[in-house]
2 protein chains.
Amino acid sequence: MDAKTLCLGALMHNEASGYEIRKLFEGGPFSAIYDVSFGSIYPALTVLLDREWATCCVAEQNGRPDKKVYSITQAGRAAFLEALSTTPAPDKMRSEMLFILSFGDHLPRADVLALVDRYIADYEDRLSDIHDRDDDHELPPVRRFVHNFGITMYETALEYLRTHRTVLTEETAPAQSNARQSDEHVVTAGGVQ
Amino acid sequence: MDAKTLCLGALMHNEASGYEIRKLFEGGPFSAIYDVSFGSIYPALTVLLDREWATCCVAEQNGRPDKKVYSITQAGRAAFLEALSTTPAPDKMRSEMLFILSFGDHLPRADVLALVDRYIADYEDRLSDIHDRDDDHELPPVRRFVHNFGITMYETALEYLRTHRTVLTEETAPAQSNARQSDEHVVTAGGVQ
DNA sequence: CTGACATATATCAGACCGATACAAACCGAG
DNA sequence: CTCGGTTTGTATCGGTCTGATATATGTCAG
């Protein structure tokens with residue numbers, strides 16, 4: 001799924017500037033679904049103009065810098081629906097938090113708990129972003145299906161983190177230092193070949 | 001989180017070849033956490049050798065091609081724990097499936113249901129991968145915490161998809177064709193500025 | 001009136017992805 | 001017994017994407 005398709009998708013609902021498209025993916029309705037950065041969006045929008053999949057006009061604003069507002073064309077809509085017809089790749093998660101936590105047994109327990117707290121705060125923010133938007137009102141059925149899927153996943157993550165955090169405070173002696181680990185986990189030879 | 005750190009993490013538990021590291025992230029214990037491709041892994045392993053964060057030896061196998069087995073060094077462990085000390089970036093999800101589904105109201109309902117079915121099958125496979133591995137036995141506490149988090153998220157996704165799929169079969173008339181859409185959602189002017 | 005913050009566009013070096021190529025070995029079907 | 005398909009395994013490369021940075025306008029608080 002390339003940046004051009006993602007931008008076309010953003011423009012399907014409404015005309016938007018590059019900055020606004022970015023906000024749809026960061027904190028907006030696409031934030032639980034996909035991620036794309038400025039460095040991909042602006043070049044992609046240029047390509048959309050080249051292919052006449054979008055048009056652009058400058059909008060002056062009061063109290064803000066001007067912005068370039070892009071609108072999708074009929075050709076753009078056709079190209080978008082065509083792009084949607086490819087079989088989707090499986091979901092890809094990139095969680096630095098979980099990756100670090102998966103080595104939490106090598107870290108001081110206090111650090112682990114701090115990470116979990118940060119993780120909780122992160123998902124609380126995401127959930128409140130959703131509720132602040134409040135796009136609940138009269139979504140078409142499939143959009144509602146996707147919307148509620150995201151909310152369900154966030155709420156599940158939060159509930160798990162909150163209820164199981166306590167287990168980590170009660171558990172047996174943690175590794176006190178990250179300079180020394182027990183060598184039990186280190187398999188240096190044998191077992192292979 | 002760059003490929004070098006991800007490879008070091010993989011080597012923390014066990015020595016491994018590039019191919020084996022890839023499998024840890026595709027279907028293996030890291031599959032719910034992070035994703036990294038061959039095109040990143042092999043160059044990263046070369047860099048690890050250069051920096052003496054890993055050593056390498058060729059292992060002959062019976063009935064299989066030779067493989068190059070990498071082992072993390074003490075300097076590598078130090079570098080890895082150092083890398084873990086940075087504050088983690090927020091989770092990034094990339095779901096082509098959800099992105100396509102979020103435009104499901106523009107698509108024939110049968111296509112949407114087929115997509116949901118594929119999505120369900122996808123997560124069923126992931127869950128059975130986890131249970132096939134069965135690394136449940138005696139994980140250290142924080143690893144268990146992360147492990148069960150992944151299982152919980154997968155099970156929640158499956159339950160949501162299964163129970164709410166039925167709603168999409170009962171609902172009001174779907175868009176019959178993807179060549180025509182109602183123009184109601186298309187805001188071409190006004191409302192901005 | 002200074003600094004911090006939000007809005008807004010744009011670029012670019014470096015990192016990464018996905019596809020591809022190559023190769024060795026297995027296995028089932030015809 | 002060989003043909004094609006699958007698994008294991010290493011490696012590279014073009015095209016794409018990221019994350020940081022630069023630039024600029026405007027608000028608001030202190």
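Every chain is numbered from 1 and lettered A, B, ... according to where its sequence line falls, protein lines coming before strand lines. All of these numbers come straight from a predicted model, not from anything done at the bench.
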Under 4.0 Å between a side-chain N or O of [X] and OP1 or OP2 of [N]?
X: A:K68; N: C:dA10; value: yes
X: A:S17; N: C:dA8; value: no
X: B:Y19; N: D:dT8; value: yes
X: B:Q61; N: D:dT8; value: no

**Message:** Taking the cut-offs as 6.0 angstrom to the six-membered ring centre and 45 degrees off its axis, would you call A:R126 and A:Y123 a cation-pi pair?
**Reply:**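 Because its charged atom sits under 6.0 Å from the ring centre and within 45° of the axis, A:R126 does stack over A:Y123.
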**Request:** Would you mind classifying the nucleic acid contact of A:R22 as base, sugar-phosphate or nothing, using non-hydrogen atoms under 4.0 angstrom?
**Result:**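 Result for A:R22 = nothing.
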Between [options], which nucleotide gets closest to the side-chain atoms of [X]?
X: B:S37; options: D:dC17, C:dC17, D:dG9; result: C:dC17
X: B:P43; options: C:dT11, D:dG9, D:dT12; result: D:dT12
X: A:R94; options: D:dT10, C:dC17, C:dG18; result: C:dC17
X: A:R64; options: C:dC17, C:dT7, D:dT10; result: C:dT7
X: A:K23; options: C:dT7, D:dA11, C:dA10; result: C:dT7
X: B:Y42; options: D:dT12, C:dA8, C:dC17; result: D:dT12

**Asked** If you find the nucleotide of DNA chain D closest to A:D2 and the one closest to A:G63, which residue's nucleotide is nearer the 5' end?
**Response**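 Going by which nucleotide is closer to the 5' end, it is A:D2.
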**Request:** On DNA chain D, check which nucleotide each of B:G39 and A:G39 is closest to and give me the residue with the more 5' one.
**Result:**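 It is B:G39 whose nearest nucleotide is closer to the 5' end.
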Let me know the distance between [atom1] of [X] and [atom2] of [N], rounded to the nearest Å.
X: B:F38; N: D:dC13; atom1: CZ; atom2: P; result: 18 Å
X: B:M1; N: D:dG19; atom1: CE; atom2: C1'; result: 15 Å
X: B:F25; N: C:dC17; atom1: CZ; atom2: C1'; result: 15 Å
X: B:K67; N: C:dC22; atom1: NZ; atom2: C1'; result: 20 Å

**Asked** Hey, do the aromatic rings of A:H106 and B:F80 have their centres closer than 6.0 Å?
**Response**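 Between B:F80 and A:H106, which both carry aromatic rings, the centre distance is not below 6.0 Å.
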**Asked** How about B:Y119 and B:Y160: are their ring centroids closer than 6.0 Å?
**Response**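 No: the rings miss the under 6.0 Å criterion.
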**A:R162/A:E124 ion pair, N-O < 4.0 Å** =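 Yes, this pair counts.
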**Request:** Carefully, step by step, assess B:K92 and A:E26 under the rule salt bridge (charged side-chain N to carboxylate O under 4.0 Å, His left out).
**Result:** CA-CA 10 Å; B:K92 294 191 195 315; A:E26 188 202 2; over 6 Å; no
